[in-house]
Asker: 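Shown below is the structure under consideration.
Note that these values count all heavy atoms, side chains included, but never hydrogens, waters or copies made by symmetry. Remember, it's 1-based here, ligands and their atoms both numbered in the order they're listed.
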Amino acid sequence: MNGLEMPEAPELGSLQLAWLEELGLDRRLLSRYTVRTETAPAQETPKQAGSPEAAHIPGVAAGDAASSAPAADSASTRDGVAAARGLLRSLLGKKDAAPLPLPAVPEDRPSAKTTEAAPEPGTLDALRHAVLHCQACALHQDRGTGVFGEGNTQSPAWLVIGEAPGTMDDRVGAPFQGRSGELLRAMLKAAGADASADVFFTNVVKCRPIANRPPVAEEVAQCGLHLRSQVALLQPGRILALGRVAAAALTGQDADLESLRGKVWQYECVSGRRIPVIATYHPGWLLTHPYHKAGAWQDLRLARDLGKD
Ligand code: SF4
């Protein structure tokens, strides 16, 4: 190439040309550039080049709008440049640009709020609602769901209380799932208690501790407030406390489980009523220590025979 010769002018797209004009480049300088034209695909219905619709379609380049012109004649090229310029002015916020259309907002959009009725205060439903939304201790951070308890809520003959929900309980939202629950129900049945009719099942702590660790004293103290309300509302005939944590919480004794078994303790309800408490092994413990089943059976007989005298 001779150094005195001007380089051959490249082809410009209509959007590029319009952009250069908007930046203030002289039209005479730009006139030496040719505008590249493209042919629209045959199967598509072409939009009217330069129309407001073509110039205001968000996400569609003005060059594309120009390219939808049916022929590469100069008039369509000018229209394509005009369309590109219209889009540029819109994007740059020029005064004479038509505003980009905004999506219509329906005036009567329905509220996203649910119409869940609040449970009546002072009822088990209200307490259940409070437990499932409780954030009083750190255990709420890792729970799948709070486990309030389930069973007969009308003064059940037995209130069976474990220490905390297990992994499966946390998923299902009900206590004593899995093999330990099956063993517990079989033991109760042997003691004459129909698990579906005579028993309410729950735990001292309503949210699962990570890795099924025992709940710590602060968690027991905090969630014990829920348990106290629950006992007062259920008014059971007797309480069976499963494992050391539950036994200590229900008897008020900071002692090992063996020293709490074999006696009838009294739990004083908020109403002043005294409810008998029997401490025994947790069924999860019995699964791995089956030689304690005979002792568990003695405890269940003691609980079964309460009030027979
Ligand atoms: Fe509330 Fe009890 Fe759950 Fe702690 S364990 S967040 S006190 S319901």
Asker: I need the nearest protein heavy-atom contact for atom 1 (Fe) of ligand 1: residue, atom name and distance, please.
Answerer: Cys134 SG, 2.3 Å
Asker: Got an N, O or S from Cys223 under 2.8 Å of atom 3 (Fe) of ligand 1?
Answerer: no
Asker: Just how far is it from atom OG1 of Thr167 to atom CD1 of Ile210, taken to the nearest 0.5 Å?
Answerer: 8.5 Å
Asker: Would you say the side-chain atoms of Ser196 and Asp194 include a donor-acceptor pair closer than 3.5 Å?
Answerer: yes
Asker: Report, in ascending order of atom number, the atoms of ligand 1 lying under 4.0 Å from any heavy atom of His226.
Answerer: 1 (Fe), 2 (Fe), 8 (S)
Asker: Can you tell me which residue and heavy atom of the protein come closest to atom 3 (Fe) of ligand 1, and the distance to 0.1 Å?
Answerer: Cys207 SG, 2.3 Å
Asker: Please find the pair of heavy atoms, one from Leu127 and one from Phe148, that lie closest to each other, and give the distance.
Answerer: CG-CE1, 3.7 Å
Asker: Over 60° means perpendicular and under 30° means parallel, so tell me whether Tyr281 and His292 are parallel, tilted or perpendicular.
Answerer: parallel
Asker: Which atoms of ligand 1 sit under 4.0 Å from any heavy atom of Val205?
Answerer: 5 (S)
Asker: Between Gln230 and Lys206, is any side-chain donor less than 3.5 angstrom from a side-chain acceptor?
Answerer: yes
Asker: Please check: side-chain N/O of His289 versus main-chain N/O of Trp285, any donor-acceptor pairing under 3.5 Å?
Answerer: yes
Asker: Please write down residue, atom name and distance for the protein heavy atom closest to atom 4 (Fe) of ligand 1.
Answerer: Cys137 SG, 2.4 Å
Asker: Where does Glu219 meet ligand 1, judged by heavy-atom distances below 4.0 Å: at the side chain, the backbone, both, or neither?
Answerer: neither
Asker: Would you say Arg273 has more than 12 foreign heavy atoms packed within less than 6.0 Å of its CZ?
Answerer: yes
Asker: Within ligand 1, which atoms have a heavy atom of His140 less than 4.0 Å away?
Answerer: 6 (S)
Asker: Mark up the atoms of ligand 1 that fall under 4.0 Å of a heavy atom belonging to Gln222, in ascending order.
Answerer: 7 (S)
